[in-house]
Amino acid sequence: MQVQQQYGKTQISIELAKKIDGEIVSADSMQIYKELNIGSAKPSIEEMQGIAHHMLDFVSPNERYSVAEYKKNAEKCIEDIISRGKTPIVVGGTGLYINSLIYGIDYPDTKIDEKYRMELEQRADKYGLEVLYKEACKIDKEAMQKISRK
């Protein structure tokens with residue numbers, strides 16, 4: 001009886017990188033975080049098989065990291081890989097990250113009002129998310145139809 005081996009994205013990308021002299025650029029929103037190895041399917045050093053991987057393990061879990069930052073950093077990695085005569089291979093499961101690269105989506109710099117955010121978090125803790133959800137519906141009912149109540 002012949003057993004067929006199953007390959008995931010990581011294994012396929014590594015095999016491809018070996019064949020075309022490539023390097024891997026992760027587009028996984030969980031693999032960017034340091035110390036988040038369980039549940040993220042982050043490849044181990046052994047699994048990488050000597051193939052360079054970029055955009056892994058560089059953001060602390062308590063830091064904010066946006067798709068705009070991802071796009072800027074990934075583009076730098078891709079340019080560097082190409083400048084060294086290698087082929088970048090973008091791999092991962094976060095569509096927003098991949099779309100930002102493929103479609104050249106620009107994200108404006110957005111300032112976050114941390115004081116207001118903390119106020120909303122305190123209100124959610126005290127009164128529940130349902131109260132904030134109802135308030136948001138009054139502001140933009142159409143947008144809120146796409147957002148879960150939980």
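Side chains are part of it too, since the values below use all heavy atoms of this structure and drop only hydrogens, waters and symmetry mates.
Counting all heavy atoms, side chain and backbone alike, L132 lies closest to L120 at CD1-O, 3.4 Å. Closest approach of I89 and G22 over heavy atoms only: CD1-CA, 4.2 Å. Scanning both residues, C77 and V25, for their nearest heavy atoms gives CB-CG2, 4.5 Å. Between M48 and P43, the shortest heavy-atom distance links the atoms CE-O, 3.5 Å. Between E23 and I81, the shortest heavy-atom distance links the atoms OE1-CG1, 3.4 Å. The nearest pair of heavy atoms linking S100 to K71 is O-CE, 3.2 Å.
Of the candidates L56, I14, V90, T10, I24 forms a side-chain contact (heavy atoms from CB on, under 4.5 Å) with just one, namely I14.
Side-chain contact between H54 and I78 is absent, with no heavy atoms from C-beta onward closer than 4.5 Å.
Separating the CD atom in Q122 from the CG atom in D125 is a distance of 7.5 Å, to the nearest 0.5 Å. In this structure, the separation between CD1 on I51 and NZ on K86 is 7.5 Å, given to the nearest 0.5 Å.
Linking Ile, Leu, Val, Met, Phe, Trp and Tyr residues whenever their side-chain heavy atoms come within less than 4.5 Å places Y103 and L101 in a single cluster. Cluster membership check: V91 does not share its hydrophobic cluster with I102, using side-chain heavy-atom separations under 4.5 Å among Ile, Leu, Val, Met, Phe, Trp and Tyr. In terms of hydrophobic clustering, with Ile, Leu, Val, Met, Phe, Trp and Tyr side chains grouped at heavy-atom distances under 4.5 Å, Y33 and V67 are assigned to a common cluster. In the hydrophobic cluster analysis, where Ile, Leu, Val, Met, Phe, Trp and Tyr join through side-chain heavy atoms closer than 4.5 angstrom, Y107 is grouped together with V59.
Annotation for E114: atom CD counts as buried by contact number, over 12 foreign heavy atoms lying within 6.0 Å. Annotation: I45, atom CD1; neighbour count of heavy atoms from other residues, nucleotides and ligands within 6.0 Å does not exceed 12.
Taking the six-membered ring for Trp and thresholds of 30 and 60 degrees, Y97 and Y70 have nearly parallel ring planes, at less than 30 degrees apart.
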Going through the distances and angles, do E15 and K18 end up as a salt bridge (Lys or Arg N to Asp or Glu O under 4.0 Å)? CA-CA 5 Å; E15 293 303 319; K18 288 179 190 177; 3.4 Å; yes
Going through the checks in order, is the salt bridge (Lys or Arg N to Asp or Glu O under 4.0 Å) test met by R117 and D113? CA-CA 6 Å; R117 183 183 185 95; D113 186 341; over 6 Å; no
Run the salt bridge (Lys or Arg N to Asp or Glu O under 4.0 Å) test on K115 and E119 for me, step by step, so that the C-alpha distance in whole Å, both residues' side-chain angles and the decisive distance to 0.1 Å come before the verdict. CA-CA 6 Å; K115 183 178 175 185; E119 178 186 315; over 6 Å; no
How far apart are the C-alpha atoms of E135 and R123, what are their side-chain angles, what is the distance that settles it, and do they pass the side-chain contact (heavy atoms from CB on, under 4.5 Å) test? CA-CA 12 Å; E135 287 180 26; R123 287 179 55 209; 2.3 Å; yes
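Here the side chain of S26 pairs a donor or acceptor atom with the backbone of D28 at under 3.5 angstrom. A distance-only check finds a donor-acceptor pair linking the side chain of E69 to the backbone of S66 [under 3.5 Å].
With salt bridges taken as basic N to acidic carboxylate O contacts below 4.0 Å, none links K76 and D80.
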